[in-house]
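See structure below.
Hydrogens, waters and symmetry mates are skipped; everything else that's a heavy atom, side chains included, is used.
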Amino acid sequence: MELDFVEEPKLEFAFEQNEEYPRDGLFLFGPIKDETAPGALRYGIIGTSDGINRFKRWAQTIGGYIKRFEPRLNPEAQHHTSFPGFESVFRSKWPAEPLTTIKVSETDLKKALRIDNRFEAIKSAVDLYVDPLINFSKREEAEPAFWFVVIPEFVYLLGRPTSKVPKNERTPGKVSISRARARHIKTSPTLFGYEEEEAEVYRYSKHFRRQLKARLLKDKIVTQIVRETTLTPDDFKTSFRSPIRKIEDPATIAWKLCTTAYYKAGGKPWRLSGVRPGVCYVGLVYKQTEPNSDDPNACCAAQMFLSSGDGLVFRGAAGPWYTPSNKEYHLEKKPAAELMSLVVSEYKILHDNQDPAELFIHGRAKFDDQEWEGFQSAVPSSTNLVGVQIRDAKSELKLFSPGKYPVIRRNYTKIIRTDRLFMDKWLYTQIKHLPRS
């Protein structure tokens, strides 16, 4: 068994300069030059009165220099980079005031999250954010490019699937039917439709963030959710002067939120360097109609990534793609061909009617014969079609580090087996958020 190392791919920044680490590239050269780059960010804020005020206080700090965090015991323990200021990094202006603000009642938010039925509770809380955002989008012509959704800490604590409200704080809701009854109504509608209205709460996830994102998708409203405790951690220190949760240092938070904001406003911070021309990458994702159930119905989507750094999402047909027995998703031949046909057509539109030279399709399950035949039928014969399975290696060999930091990403080991199949098996260890070293 041998241990080897895959070199970190380079990223391209302004002036066609390459760096491994994103913050170094942005610090030294700035983002890549692109016609879609915003001259100034057009963003909105939605949150409680306190949340909006906390965001504005944080926004005032990112216009200037924020010193990097230096651990006292071991200054070289992690790779930290000072934040020079938004305009210095991204060559784009950060307005002193947002384009618009929308206030959410904190009282109504707390009341909603204490409803006994958790599906109704989360939907009611999400309504307080989603409804005004959609109404603003329909009413106003000058929309923000994206919205900062600022949530109080109690929304984070009570807005997750496993969250529980103490019995003495629970309040009754308006929904009287059970989830089982809602499923029955879906296939056998009632005469007057009253129960269908109540059953609507069971269509959505019990996760605040996921539900909010999903319900805004069809209206193409872009959001960035951020907790108040992330913006102003000093406001939430306990009597022992320690924060109520572990927060990253101000420079790191500024890097992360500002890079995300720049991208969601239409800019491209960087792109992968040295990508072969004519290559198209496609990732398949699925969403069950009834999450956490044995319902086989699901919707498939394909996300296309190009060498330019652009990405597009295509929605495929909904159908019985989920198999509860093995927990895998698989398309039938026709919908697989239709989905891939959309991908190829859009690629040709963006590349002067040229077919892709290579097309990589990534999925979590091994593609079956029906799927692969469908993909092949929609891809030109001149295109090299490659399938890539992304899977967890929970039961496989794992690499561990003797220190307190995890294994350096890009390490891999090649295991040469001498069993009757004589197969080589590769195990790649990829870990997010690792120190540069």
Side-chain angles (χ1 to χ4, degrees), residues 8-44 59 62-63 81-95 98-99 143-149 213 216-217 220-226 251-283 285 301-314 343 346-352 354 356-360 362 432-433 436:
E8 184 81 12
K10 297 281 189 178
L11 301 176
E12 182 181 331
F13 298 89
F15 312 111
E16 299 182 353
Q17 298 297 309
N18 297 327
E19 279 288 341
E20 287 184 3
Y21 193 56
R23 294 175 197 171
D24 284 350
L26 290 172
F27 188 98
L28 296 170
F29 312 112
I32 58 174
K33 301 300 180 182
D34 186 82
E35 58 183 15
T36 63
L41 259 63
R42 299 174 62 254
Y43 69 92
I62 62 170
T81 305
S82 299
F83 186 72
F86 187 87
E87 190 169 349
S88 298
V89 173
F90 298 102
R91 281 56 165 175
S92 176
K93 294 186 181 298
W94 181 281
L99 189 64
E143 284 189 79
F146 72 102
W147 292 82
F148 279 105
V149 179
K213 293 278 187 181
L216 292 175
L217 193 61
K220 298 181 180 180
I221 298 174
V222 183
T223 59
Q224 174 59 44
I225 300 176
V226 59
T252 299
I253 291 173
W255 273 112
K256 290 184 175 180
L257 283 180
C258 291
T259 303
T260 301
Y262 181 77
Y263 177 75
K264 291 187 175 182
K268 296 175 186 174
W270 59 76
R271 62 177 163 230
L272 193 61
S273 177
V275 177
R276 299 190 306 277
V279 178
C280 176
Y281 301 92
V282 176
V285 292
Q303 188 167 9
M304 178 174 70
F305 300 92
L306 303 173
S307 59
S308 62
D310 294 311
L312 296 170
V313 177
F314 305 89
V343 171
E346 189 63 29
Y347 181 92
K348 293 176 71 172
I349 291 173
L350 297 172
H351 294 83
D352 299 324
Q354 294 292 316
E358 293 182 274
L359 198 156
F360 292 84
H362 299 74
K432 297 180 179 179
H433 310 306
R436 184 187 181 191

query: What's the shortest heavy-atom distance between Ser82 and Pro84, and which atoms?
result: O-CD, 3.5 Å

- request: Write down the atom of Ile32, the atom of Glu12, and the distance for their closest heavy-atom approach.
  value: CG2-O, 3.1 Å

message: Using the rule given for side chain to side chain contact (heavy atoms under 4.5 Å, CB included), can you reason through Ile62 versus Leu257, listing the C-alpha separation, both sets of side-chain angles and the distance that settles it, and then say yes or no?
response: CA-CA 10 Å; Ile62 62 170; Leu257 283 180; over 6 Å; no

- request: Grab the two heavy atoms, one from Trp94 and one from Ala261, that are nearest each other, plus how far apart they are.
  value: CZ3-CB, 4.2 Å

message: Against Lys264, only a single residue in Tyr43, Phe146, Trp147 fulfils side-chain contact (heavy atoms from CB on, under 4.5 Å); can you say which?
response: Phe146

message: Let me confirm one number: the OH-CG distance from Tyr281 to Leu359, rounded to the nearest 0.5 Å.
response: 10.5 Å

field: Ala37: side-chain contact (heavy atoms from CB on, under 4.5 Å) partners, not counting sequence neighbours
entry: Tyr262

- request: Determine, stepwise, if the pair Arg23 / Thr259 fulfils side chain to side chain contact (heavy atoms under 4.5 Å, CB included).
  value: CA-CA 9 Å; Arg23 294 175 197 171; Thr259 303; over 6 Å; no

message: Over 60° means perpendicular and under 30° means parallel, so tell me whether His362 and Phe360 are parallel, tilted or perpendicular.
response: tilted

query: If every non-hydrogen atom of Pro95 is compared with every non-hydrogen atom of Leu41, which pair is closest and at what distance?
result: CG-O, 3.0 Å

message: Tell me whether the NZ or CZ atom of Lys93 lies within the 45° cone about the ring axis of Phe86 and under 6.0 Å from its centre.
response: no

query: What pairs with Glu358 under side chain to side chain donor-acceptor pair (under 3.5 Å), at least two apart in sequence or on another chain?
result: Arg276

Min side-chain heavy-atom separation Glu16-Lys33 under 4.5 Å: no

field: Listed partners of Thr252 passing side chain to side chain donor-acceptor pair (under 3.5 Å), at least two apart
entry: Asp249

message: Test your reading of the model: is there a side-chain donor-acceptor pair from Ser273 to the backbone of Lys10, 3.5 Å cut-off?
response: no

- request: Check step by step if side chain to side chain contact (heavy atoms under 4.5 Å, CB included) holds for Trp255 and Val89.
  value: CA-CA 9 Å; Trp255 273 112; Val89 173; 3.8 Å; yes

query: Are Leu11 and Glu19 close enough that some pair of their side-chain heavy atoms sits under 4.5 Å apart?
result: no

statement: In this structure, CG of Asp24 is separated from CD of Gln17 (nearest 0.5 Å) by 13.0 Å

task: Answer with yes or no after comparing the ring centroid distance for Phe29 and Phe27 against a 6.0 Å cut-off, counting only values under it.
output: no

task: Taking all non-hydrogen atoms of both residues into account, name the closest pair between Ala145 and Ala265 and its distance.
output: CB-CA, 4.0 Å

field: Gln354 and Lys348, any side-chain heavy atoms less than 4.5 Å apart
entry: no

- request: Find out whether Leu312 and Leu350 are in side-chain contact, i.e. whether some heavy atom of one side chain is under 4.5 Å from a heavy atom of the other.
  value: yes

query: Between Val285 and Gln303, is any pair of side-chain heavy atoms under 4.5 Å apart?
result: no

- prompt: How are the rings of Phe83 and Phe90 set to each other: parallel, tilted or perpendicular (split at 30° and 60°)?
  reply: tilted

message: Show the nearest heavy-atom pair for residues Ser92 and Pro38, with the distance to one decimal.
response: OG-O, 2.8 Å

